[in-house]
> 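The following block contains the structure, expressed as structure tokens.
Reckoned from all heavy atoms, side chains included, excluding hydrogens, waters and symmetry mates.
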Amino acid sequence: GENVEQHPSTLSVQEGDSAVIKCTYSDSASNYFPWYKQELGKRPQLIIDIRSNVGEKKDQRIAVTLNKTAKHFSLHITETQPEDSAVYFCAASIQGFQKLVFGTGTRLLVSP
Amino acid sequence: KAGVTQTPRYLIKTRGQQVTLSCSPISGHRSVSWYQQTPGQGLQFLFEYFSETQRNKGNFPGRFSGRQFSNSRSEMNVSTLELGDSALYLCASSYTGAATNEKLFFGSGTQLSVL
């Protein structure tokens with residue numbers, strides 16, 4: 001079955017720096033890759049997603065890149081702010097939302 | 001539009017008991033999926049329902065079961081609870097679970113503690 005590896009497990013940056021989180025998936029048939037942000041005690045919130053027919057997608061300070069050949073995708077956050085501090089999860093899916101396989105999460109800490 | 005609603009928010013049970021968790025999807029959403037979140041294992045897929053039918057199932061024992069009603073509301077049941085079942089159980093919904101332009105929205109979860 002699909003397996004998703006996520007690195008790093010923790011990431012500390014200074015406010016204004018950029019943060020990059022990387023994920024690798026195993027099943028080349030995966031075609032949907034969402035990223036979720038989960039603040040302490042709250043539900044996971046979709047922040048950006050990308051599908052396999054697109055190489056890059058941007059939304060203000062957040063961008064996701066996908067390399068299908070290498071089977072990895074990355075989340076880029078620029079000009080980080082303290083409110084970006086949270087756990088970020090990547091996921092991959094072959095069948096739309098019928099079954100998302102999540103990475104183990106990255107705890108991002110942005111220090112003022 | 002109301003979000004995905006899960007009840008109860010917190011639950012404490014003892015080993016051997018059974019528990020039923022409820023999920024009401026966003027209005028109009030017909031696909032409901034369930035995930036177990038633990039500090040050690042992260043988010044793991046349990047099962048997904050669409051039009052009262054289970055379409056996909058994760059690698060969990062048969063003690064974990066679910067169902068979906070005609071109004072798309074879903075319940076999951078865990079029988080013969082074990083200590084390791086302590087987790088946050090998250091429900092998520094989308095319109096069909098298959099269209100290329102859909103989004104998946106999560107509820108706030110039910111925190112289950114097994115003593």
Side-chain angles (χ1 to χ4, degrees), chain A residues 1-10 21 23-27 29-54 57 59 62 64 66 86-108, chain B residues 2-7 9-10 23 25-26 29-51 53-60 66 68 74 87-111:
Chain A
E2 174 68 282
N3 182 53
V4 177
E5 293 188 0
Q6 182 172 350
H7 299 281
S9 56
T10 59
I21 303 171
C23 288
T24 303
Y25 60 99
S26 61
D27 195 326
S30 291
N31 57 14
Y32 177 66
F33 308 92
W35 286 88
Y36 286 86
K37 174 184 179 182
Q38 188 175 30
E39 297 175 34
L40 191 63
K42 296 190 176 180
R43 71 188 74 190
Q45 300 261 27
L46 177 70
I47 56 172
I48 196 167
D49 57 7
I50 193 168
R51 300 184 189 271
S52 59
N53 58 345
V54 175
K57 184 176 179 181
D59 183 4
I62 294 173
V64 58
L66 171 65
V87 178
Y88 291 81
F89 292 95
C90 64
S93 172
I94 300 172
Q95 300 166 283
F97 306 118
Q98 293 182 37
K99 182 177 180 179
L100 283 177
V101 178
F102 283 84
T104 49
T106 296
R107 185 173 300 280
L108 174 65
Chain B
V4 180
T5 304
Q6 290 188 247
T7 56
R9 186 70 179 90
Y10 301 95
C23 171
I26 292 172
H29 286 193
R30 295 167 60 193
S31 169
V32 175
S33 50
W34 289 88
Y35 290 83
Q36 181 195 65
Q37 185 173 24
T38 59
Q41 298 295 321
L43 280 150
Q44 291 190 293
F45 173 79
L46 281 155
F47 28 65
E48 186 258 357
Y49 287 86
F50 178 78
S51 291
T53 301
Q54 186 183 88
R55 285 195 296 198
N56 252 292
K57 191 177 189 306
N59 298 322
F60 279 82
Q68 186 180 35
S74 177
L88 179 66
Y89 290 87
L90 291 160
C91 165
S93 77
S94 65
Y95 281 107
T96 69
T100 57
N101 59 349
E102 290 185 17
K103 308 292 182 185
L104 185 68
F105 297 93
F106 281 89
S108 296
T110 293
Q111 184 68 53

> Among Q38(A), Q45(A), K42(A), which residue has the highest count of heavy-atom pairs closer than 4.5 Å to chain B?
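Among Q38(A), Q45(A), K42(A), the one with the most close pairs to chain B is Q38(A).
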> How far does OH of Y35(B) sit from CD of E48(B), to the nearest 0.5 angstrom?
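Y35(B) atom OH to E48(B) atom CD measures 8.5 Å (nearest 0.5 Å).
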> Which value, rounded to the nearest 0.5 Å, describes the distance between R55(B) atom CZ and F47(B) atom CZ?
14.5 Å
> Under 4.5 Å heavy-atom distance to chain A, tell me which part of L43(B) shows up: side chain, backbone, both or neither.
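Its backbone and side chain both get close to chain A.
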> Q6(A) versus chain B, heavy atoms under 4.5 Å apart: side chain, backbone, both or neither?
neither
> Using the side-chain contact (heavy atoms from CB on, under 4.5 Å) criterion, which residues pair with E2(A)? Sequence neighbours excluded.
V4(A), Y25(A), S26(A), D27(A), S30(A), A92(A), V101(A)
> So how far is it from S94(B) OG to F106(B) CZ, rounded to the nearest 0.5 Å?
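One gets 10.5 Å once the value is rounded to the nearest 0.5 Å.
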> Under a 4.5 Å heavy-atom cut-off, does chain A meet the side chain of Q111(B), its backbone, both or neither?
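Neither the backbone nor the side chain of Q111(B) comes within 4.5 Å of chain A.
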